[in-house]
**Q** 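Dumping the structure here so I can ask a few things about it.
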Amino acid sequence: MANQDVNSAYDLTLEQAGEEAGRLTTRVVELRDAYYERDEVLVADEEYDRMLHRLEELERLFPELQSQDSPTQTVGGRAETTLFDPVRHAERMLSLDNVFSREEFAEWAAKVERNAGRHIDYLCELKIDGLAINLRYENGVLRTAATRGDGVVGEDVTENIAFVKVIPTTLAGSGHPPIVEVRGEVFFESTIFEQLNADQVAAGERVFANARNAASGSLRQVADNKTPVQLERMHKRLGRLSMLVHGIGAWAQPRNGDEAPVDSQSATYGLLKQWGLPTSSHFRVVTNASQAVEFIEYYGAHRSSVEHEIDGIVIKVDELELHDELGATSRAPRWAIAYKYPPEQVNTKLLDIVVSVGRTGRVTPFAVMKPVRVAGSVVRQATLHNQDVVKAKGVLIGDTVVLRKAGDVIPEVLGPVVELRDGTEREFVMPSNCPECGTLLAPAKEGDVDLRCPNARSCPAQVRGRVEHVGSRGALDIEGLGEVGASALTQPDVPVDPPLATEAGLFSLTLRDIFPITVRVRDYETGLVKLNPDGSERTETPYRKKRKTAGRGADPAFDPEASEFAGDEWSVPSSAAEKLLSELELAKAKDLWRILVALSIRHVGPVAARALAAYFGSVEAIRAATREELAAVDGVGSIIADALIDWFAVDWHVAIIDRWADAGVQLSIPGHAGPGAALAAGGPLSGVTIVATGSLEGFTREGALEAIIAAGGKAASSVSKKTDFVAAGPGAGSKLTKAEELGLRIIDAAQFATLLEFGPDALKE
DNA sequence: CACCCTCGAGTTCA
DNA sequence: CTCGAGGGTG
């Protein structure tokens, strides 16, 4: 990897180099000890490697800096002070060269094929993110198990390996060579790893950062100084480790002897399997490089469906004869390559910490980073929650930070890389005033960590947020009123008449109001307004689509004033504006609970709103209710009751309702007999709680929930022991896992449909 | 006083 | 989808 600052090494004086090497040594040792002894990951792997390479570089240029105990002379662990005996591998345990793209892989394959001079079959397999182990069997009996170490000498972990259930202590069958060394990877399966961490929590012990560290940590435990209870736990943990073998390191007899037992890598696996060793089922022999790429892409997309962590794909030349012909470099064989998937943890620059204001006025700091690819997508922002979290993470603006995707989705800043600071970093200071409207920020109540902007009525960010919320799926589900629409309609300089100063005017909008709206085009990355070539600001008219030539040849500029949108030739072309208006029109007649959600009343989400709507039947009835009457509703307590009373006491809130009513929004359930009217009881699912997860054939996500409620059941959002059924389809995730743990009744889409129609009795065996 | 649950927020992708 | 915070319920 070309690294600019490596060049500068040539200009260093010995003294400077010595200083830098000293700093790096301290830090690398610190990180290494943290990693190997406490299984803590403080920096991304790339960063650690970078530091180590730099140190090597310095030592090469200034040999006097080299010392016996430099981290460059040992690979991980504490080579001198280790509690495990050193073991010399019969044949060097090489590592693999890496490629990071299809192009690099194609180059590698082309080179190998050129050198081989004949057709090549490749064996593709998963690269397990675990711990490389060498098993030595003598006369079919496991003699030693050792870590890779520096490739030549590893650590003897035979005692611990003996507890790993999947590793045979004697090989099955007969006719094995007197001495054979088998290489493989030791790891925890993902589900086991999760259980393990849960157990750690239960036992009040530290959790492992990832499955590889857990495996490494488990194998490196020592029995000394342990109580019998601890010892039992240790053995139990070792027993849950998995191993998959992927090759033979050394035979007692030369492979080119009279009876070569196998002639291909894939046949080797068959042999290993016969011997009773665990081999992976996820491998394939392909006849050309492009099929290997298909394998790479397949597992890139299905990475999470494999039972263990993988960090790439290993592609090997299948024919063993060719292994000898192609040979190896000092580090790695030429007949195999590792295709590395994009790392889940990367470093990037923290450019700034800025705050955003949500629809409730809550002020949230988030990290603005130099865009990087993490786990398959480009990330430029990550939330930092609040100022306490910023402080706890210890990040400064300008820091290089470690970034990952929590749960493979949500970007999360782990912390700073302290040694890359150059002194120009500065601390984040929480602003005292709202970044959008300048109002002094204050906690909602004494002792709250979160600050809020109290200017709910006219803070642009809050108005924008609320308008967007009205259109959101959980509320009135208005197409065309998303983030872009909401900000276009509410930007202060929009010539909407009357201006959409709050959500009150939303349903009174006319074509005339929104057609002329122009918004400035901002650069997604910088947030700056883009400019036209002539220096003017670039604008867009989101509610006017390019007018197609209608009827006549010419396409005169559209002029709403002149045309009145009516004449045949001037009839308004299908536009985003029309779409929005028709969607707004539709929304006016949607269920009352949706209207309630759309009002952004604290603590009133879909569940509370449904309960309130069903009980009271109209906004007016809710407004007229006393605190006690409100709290009498199932699912509504004193806090929500207070929130409602407080909300209706604000005159501009009431104005929203009035204006919506004027515009034709339906604020009551037609035919509802009034507060407390007997609820439509019964239904096949009354008293039944169901959680729907994954994609259920024949239902949309929303549709499934609606159907449960329509049948009189309760649609819960999370799985608990009170859940009666979990309807799970393909793609179900943690909820299904939890349901299995709790031993709940899990049903498929067909059973779900039966349940909806006939109730739980229909599913009884 | 425990759970158990809902709310709210951020983020990204098909 | 996931997490933390905080409300509701038994």
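Below, all heavy atoms of this structure are taken into account, side chains as well, without hydrogens, waters or symmetry copies. To find a chain, count down the sequence lines: A is the first, B the second, and so on, and within it residues start at 1.
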**Q** Rounded to whole Å, please give me the gap between CG in A:Leu612 and P in B:dC7.
**A** 11 Å
**Q** Can you check the A:Leu596 CG to B:dC7 P distance for me, whole Å?
**A** 12 Å
**Q** Quick check: are there more than 12 heavy atoms from other residues, nucleotides or ligands sitting under 6.0 Å from CD of A:Glu427?
**A** no
**Q** Expressed in angstrom and rounded to an integer, what is the separation of A:Arg466 atom CZ from B:dG8 atom P?
**A** 13 Å
**Q** At under 4.0 Å between heavy atoms, what does A:Gly358 touch on the DNA or RNA strands: base, sugar-phosphate, or nothing?
**A** nothing
**Q** Nearest whole angstrom, please: distance from the P of B:dG8 to the NE2 of A:His385.
**A** 18 Å
**Q** Out of B:dC7, B:dG10, B:dT11, which has the shortest distance to the side chain of A:Pro411?
**A** B:dT11
**Q** Indicate whether OP1 or OP2 belonging to B:dT11 is found under 4.0 Å from a side-chain N or O atom of A:Thr383.
**A** no
**Q** Has A:Ser638 got a side-chain N or O lying under 4.0 Å from the OP1 or OP2 atom of C:dG7?
**A** no
**Q** Report the distance from atom CD of A:Glu412 to atom C1' of B:dT11, rounded to the nearest whole Å.
**A** 13 Å
**Q** Closest to the A:Ile639 side chain: B:dT6, C:dG8, B:dT11?
**A** C:dG8
**Q** Should we say atom CZ of A:Arg102 is surrounded by more than 12 heavy atoms from elsewhere, each under 6.0 Å from it?
**A** no
**Q** With under 30° as parallel and over 60° as perpendicular, where do the rings of A:Trp647 and A:His653 fit, or are they tilted in between?
**A** parallel
**Q** Does A:Arg359 have a side-chain nitrogen or oxygen under 4.0 Å from the phosphate oxygens OP1 or OP2 of B:dA9?
**A** yes
**Q** Atom CG of A:Asp642 and atom C1' of C:dG8: how far apart are they, to the nearest Å?
**A** 14 Å
**Q** Atom CZ of A:Arg452 to atom P of C:dA5: distance rounded to whole Å?
**A** 13 Å
**Q** Of all the nucleotides listed (B:dT11, B:dC7, B:dA9), which has the minimum atom distance to the side chain of A:Gln381?
**A** B:dT11
**Q** Using the rule given for side chain to side chain contact (heavy atoms under 4.5 Å, CB included), can you reason through A:Gln751 versus A:Asp748, listing the C-alpha separation, both sets of side-chain angles and the distance that settles it, and then say yes or no?
**A** CA-CA 5 Å; A:Gln751 289 171 306; A:Asp748 62 18; 3.3 Å; yes
**Q** I need the CD-C1' distance between A:Gln462 and B:dG8, as an integer number of Å.
**A** 14 Å
**Q** Which nucleotide wins on minimum distance to the side chain of A:Ile640, given the candidates B:dT12, C:dG8, B:dG10?
**A** C:dG8
**Q** Compare the minimum distances between each of B:dC7, B:dG10, B:dT11 and the side chain of A:Pro606, then state the nucleotide with the smallest one.
**A** B:dC7
**Q** Which residue, A:Glu503, A:Gln462, A:Arg359, forms the side chain to side chain donor-acceptor pair (under 3.5 Å) with A:Ser600?
**A** A:Arg359
